[in-house]
Amino acid sequence: MSVFWAVLRRDLLLAFRQRGVLVHHLLFFVLVVALFPLGTGADARILVTVSPALIWMAVLLAALLSLQRLFRPDYEDGTLEQYVLSPEPLALIALAKVAAYWLASGLVFVMASPLLVLLLGVPAHAVPVIMASLLLGTPTLGLVGAIGTALTLSLPRAGLLLSLLIFPLYVPVLIFGAGAMRAAIAGLPAAGALYLLGALLALGITTAPIAIAAALKISLE
């Protein structure tokens with residue numbers, strides 16, 4: 001676990017030294033949500049209805065924008081090759097990098113979501129469920145996106161291919177995350193959708209690091 005914490009600390013320090021990139025991703029997330037009412041001229045009732053899908057699509061797009069830098073800097077400066085050659089488990093290192101990525105970007109989206117959903121007219125009683133769904137769903141997005149990023153790491157300008165690879169895998173998280181939000185807004189129980197999001201997160205934590213490690217080895221070969 002000392003390796004896990006060392007990689008996590010290193011990546012967090014590097015992320016916070018590049019605060020401009022983090023602010024850029026956050027502004028992108030906020031603008032996607034804020035510009036939707038201006039562009040559609042929708043009334044308050046329609047905004048509340050579409051707010052779950054709008055929030056999750058903004059998270060997906062912002063996550064895709066930030067995924068490009070998950071392994072790329074380490075790949076370009078040779079650090080990733082050293083990780084692969086080291087005797088430490090590559091899957092554990094990959095999990096630490098995804099955890100640092102989520103703490104630096106995904107958690108920021110979760111913290112910004114209450115203000116955005118309230119601006120869309122969502123009832124205040126639904127905010128805890130919305131935050132819970134994002135807390136469970138965004139790490140899963142990071143784990144799944146890391147697999148696609150690792151597979152396309154050695155390809156130049158792989159942004160479009162990365163989107164084609166990971167967007168179909170994001171669908172379950174989108175369905176259950178938006179479903180939990182809709183249930184909370186309507187005053188219905190949202191526990192079922194949250195349990196499924198938790199199950200997806202548990203599955204991702206246990207299996208995705210192994211897949212990421214294998215994909216990184218393939219890209220470096």
Side-chain angles (χ1 to χ4, degrees), residues 12 15-16 18-70 98-145 159 163 166-167 169-198 200-201:
L12 284 177
F16 288 119
Q18 299 174 340
R19 288 185 291 271
V21 177
L22 301 180
V23 172
H24 174 241
H25 297 158
L26 177 61
L27 286 177
F28 180 83
F29 171 65
V30 172
L31 286 175
V32 169
V33 178
L35 292 179
F36 181 82
L38 299 178
T40 60
D43 58 28
R45 185 174 56 183
I46 295 177
L47 285 178
V48 173
T49 303
V50 302
S51 59
L54 178 59
I55 291 293
W56 273 102
M57 288 307 299
V59 169
L60 293 183
L61 294 174
L64 181 63
L65 183 66
S66 58
L67 276 172
Q68 301 291 333
R69 295 187 55 81
L70 182 55
V98 175
Y101 159 78
W102 180 79
L103 289 172
S105 60
L107 186 60
V108 176
F109 302 150
V110 177
M111 300 305 294
S113 61
L115 177 60
L116 294 177
V117 296
L118 290 175
L119 290 176
L120 292 174
V122 173
H125 66 80
V127 171
V129 175
I130 292 173
M131 293 190 68
S133 67
L134 290 171
L135 276 172
L136 293 171
T138 49
T140 309
L141 298 181
L143 289 165
V144 174
S163 304
I166 65 175
F167 270 0
L169 300 177
Y170 279 171
V171 170
V173 179
L174 176 63
I175 292 173
F176 297 130
M181 289 185 181
R182 284 195 298 269
I185 292 171
L188 300 174
L194 293 178
Y195 289 152
L196 288 169
L197 285 174
L200 289 175
L201 177 57

Got Trp56 and Ile175 here, is their nearest side-chain heavy-atom distance under 4.5 Å?
no

Nearest heavy-atom approach of Ala190 to Val129 is CB-CG1, 3.7 Å

If every non-hydrogen atom of Pro114 is compared with every non-hydrogen atom of Val127, which pair is closest and at what distance?
CB-CG1, 3.8 Å

Between Val48 and Ile185, is the side-chain contact (heavy atoms from CB on, under 4.5 Å) condition met? List the steps.
CA-CA 8 Å; Val48 173; Ile185 292 171; 3.6 Å; yes

Rounded distance (nearest 0.5 Å) linking atom CG of Leu194 with atom CG of Leu201
12.0 Å

From CA spacing to verdict: side-chain contact (heavy atoms from CB on, under 4.5 Å), Ser51, Met181
CA-CA 9 Å; Ser51 59; Met181 289 185 181; over 6 Å; no

According to side-chain contact (heavy atoms from CB on, under 4.5 Å), who are the partners of Leu60, at least two apart in sequence or on a separate chain?
Met57, Leu141, Tyr170, Leu174

Walk me through whether Phe16 and Leu103 qualify under side-chain contact (heavy atoms from CB on, under 4.5 Å).
CA-CA 11 Å; Phe16 288 119; Leu103 289 172; over 6 Å; no

Value for CG (Leu107) from OG1 (Thr138), rounded to nearest 0.5 Å, stands at 7.5 Å

A quick test of your reading: do over 12 heavy atoms of other residues, nucleotides or ligands sit less than 6.0 Å from OH of Tyr195?
no

Separation between CG (Leu169) and OG1 (Thr140), nearest 0.5 Å, reads 12.0 Å

Kindly compute the distance separating CZ (Phe29) from CG (Leu61), expressed to the nearest 0.5 Å.
10.5 Å

From Ser113 atom OG to Leu120 atom CG, the distance as rounded to the nearest 0.5 Å:
11.0 Å

Closest heavy-atom pair and its distance - Ala183, Pro189
CB-O, 3.7 Å

Where Ser133 and Ala180 come nearest, the two heavy atoms and their spacing:
CB-CB, 4.2 Å

Which atom of Ala184 lies closest to which atom of His125, heavy atoms considered:
O-CE1, 3.0 Å

What heavy-atom pair brings Phe109 and Ala63 nearest, and what distance separates the two atoms?
CE1-N, 4.3 Å

So, taking the atom named OH in Tyr101 and the one named CG in Leu67, what distance separates them when rounded to the nearest 0.5 Å?
4.0 Å

Checking Leu64 against Ile166 for the side-chain contact (heavy atoms from CB on, under 4.5 Å) test, could you report, in this order, the C-alpha distance in whole Å, the side-chain angles of both residues, the deciding distance, and whether it holds?
CA-CA 9 Å; Leu64 181 63; Ile166 65 175; 3.8 Å; yes

side-chain contact (heavy atoms from CB on, under 4.5 Å) partners for Pro172, two or more places apart:
Phe176, Leu200

